[in-house]
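First comes the structure, then the notes that go with it.
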Number of protein chains: 2
Amino acid sequence: MTEQRADDEHVEVLLARLRRSGGRVTSARRALLASLLAADGHHLTAQDLAEAVQRAAPDVHLSTVYRALDSLEEKGIVAHTHLGHGRAVYHLADEPHQHLVCERCQAVVEVPADVFAELATTLEGAYGFVVGAHHFAVVGRCAACAGAQSEPAAGS
Amino acid sequence: MTEQRADDEHVEVLLARLRRSGGRVTSARRALLASLLAADGHHLTAQDLAEAVQRAAPDVHLSTVYRALDSLEEKGIVAHTHLGHGRAVYHLADEPHQHLVCERCQAVVEVPADVFAELATTLEGAYGFVVGAHHFAVVGRCAACAGAQSEPAAGS
DNA sequence: ATAATTGCAAAGTCTTTGCAGTTTG
DNA sequence: CAAACTGCAAAGACTTTGCAATTAT
């Protein structure tokens, strides 16, 4: 698959960015970015990522994943969001999108950032508040659950 | 202050609602609702609430606060939101508002729910997603921090 | 009475930290 | 070589749970 090749290149670009920012390129980080890229659109927890990374490099510890994510986030390469409850989910920072989280079935719907453009303008005008580009979650009911009447299947 | 009297009445109304839903009225719950009401607009964590409650009833345990909040939430009297990081904040469900959280200074700005009405309509039309009335947090930069360039003071 | 609630202590999740040993630039 | 990174184990913050005793209805 030529997609794999494209992804590999993308990883190298991100690593170059990391190095330029004073970070160091290690196999753990390479695997981490590859996993993030492969997930493409999925929302991965640190746990998920650790498992993915460990498929390629079994010795990488969960705490290393946390620290690598922190580091990558500091450099603006990765971003995280809290989708309800407690766990954070991570994604590459270069895919601007917002999340709609269903409070009942936990489904996550991604929405292109520009859907929020109008709201962002309003908020900035009225409150001087600048909406973050990658850190946004709206909780509600997805289409499938919107009709259901039972109480939320799980709290957010 | 006549305000105190109004609050007391409000607490009783909520307790009546609780009782009608099959819940039981206890001094812990009365104190909890009173604290929630007194906070009026502040965002209290379970910890905060426990401390407030304990000023009136020193024996109330943190876990009781958690359980009481769960119970009240189930009955639609209380709602919680996650403002970044992990901790949840609670408030009475009858004060519809949304939260803008500053990712840099952690300030919380409250916004009347209707500011989001247009977005809600859009999301429902395009995705069938029904935005929750009381469970919503937008992360970004508050007016004071919007200009600042340093990295976020604390992650959300 | 009897089902809900509570206090307390213990356990659980998710994340962070201290340290000594490795690796990268 | 110096600074950054890593593995591991231990600690931390926040929340949930099991149980026996208590209390509201």
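Chain letters run A, B, ... following the sequence lines, proteins first and then strands; every chain starts at 1. In this text the structure is predicted, and so the values were computed from the model without any measurement.
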D/dT6 phosphate, OP1 or OP2: any side-chain N/O from A/Arg29 under 4.0 angstrom?
yes

Measure from the side chain of A/Asp70, starting at C-beta and using heavy atoms only, and say which of D/dC5, C/dT16, C/dT6 lies closest.
C/dT16

Identify the two heavy atoms, one from B/Leu44 and one from B/Ala39, that lie closest to each other, and give their separation to 0.1 Å.
CD1-CB, 3.2 Å

Rounded to the nearest Å, what distance is computed from the CG atom of residue A/Leu18 to the P atom of nucleotide D/dA4?
12 Å

Whole-Å distance, A/Arg20 CZ to C/dT24 C1', equals 18 Å

For A/Tyr90 and A/Leu36, the nearest pair of non-hydrogen atoms, with its separation, is O-CD1, 4.0 Å

Measure the distance from CG on A/Asp59 to C1' on C/dT23 and round it to the nearest whole Å.
15 Å

For a quick test of reading the model: is some side-chain N or O of B/His61 closer than 4.0 Å to OP1 or OP2 of C/dC8?
yes

On DNA chain D, more 5' by nearest nucleotide between B/Ala88 and B/Ser27 is B/Ala88

Distance test, side-chain N/O of A/Arg87 to OP1/OP2 of C/dC14, below 4.0 Å:
yes

Show, in sequence, the C-alpha distance, side-chain angles and deciding distance for B/Arg55 and B/Glu51, and conclude whether the salt bridge (charged side-chain N to carboxylate O under 4.0 Å, His left out) test is met.
CA-CA 6 Å; B/Arg55 255 171 254 134; B/Glu51 282 162 20; 5.3 Å; no

Under 4.0 Å between a side-chain N/O of B/Arg67 and OP1 or OP2 of D/dT16, yes or no?
no

Is it the case that the side chains of B/Asp70 and B/His80 hold a donor-acceptor pair, with the cut-off being a distance below 3.5 Å and no angle test?
no

Interatomic distance where CD belongs to B/Gln54 and C1' belongs to C/dC8 [whole Å]
13 Å

Among C/dG25, C/dT15, D/dT15, which nucleotide has an atom closest to any side-chain atom of A/Arg19?
C/dG25

May I have the distance from B/His80 (atom NE2) to D/dC14 (atom P), rounded to whole angstrom?
15 Å

A/Tyr66 side chain near C/dT15 phosphate (N/O to OP1/OP2, under 4.0 Å)
yes

Figure out the CG/C1' separation between B/Leu62 and C/dA9, and round it to whole Å.
13 Å

D/dT23 phosphate, OP1 or OP2, under 4.0 Å from B/Arg24 side-chain N/O:
no

Sequence neighbours excluded - side chain to side chain donor-acceptor pair (under 3.5 Å) pairs with any residue from residues 23-37 of chain A:
A/Glu12-A/Arg30

Taking atom C1' of C/dT5 as reference, at what distance in whole Å does atom CG of B/Leu33 sit?
15 Å

Map A/Ser63 and B/Gly22 onto DNA chain C by nearest heavy atom, then report which one ends up closer to the 5' terminus.
B/Gly22

B/Leu32 CG to C/dT5 P, straight-line distance once rounded to whole Å
13 Å

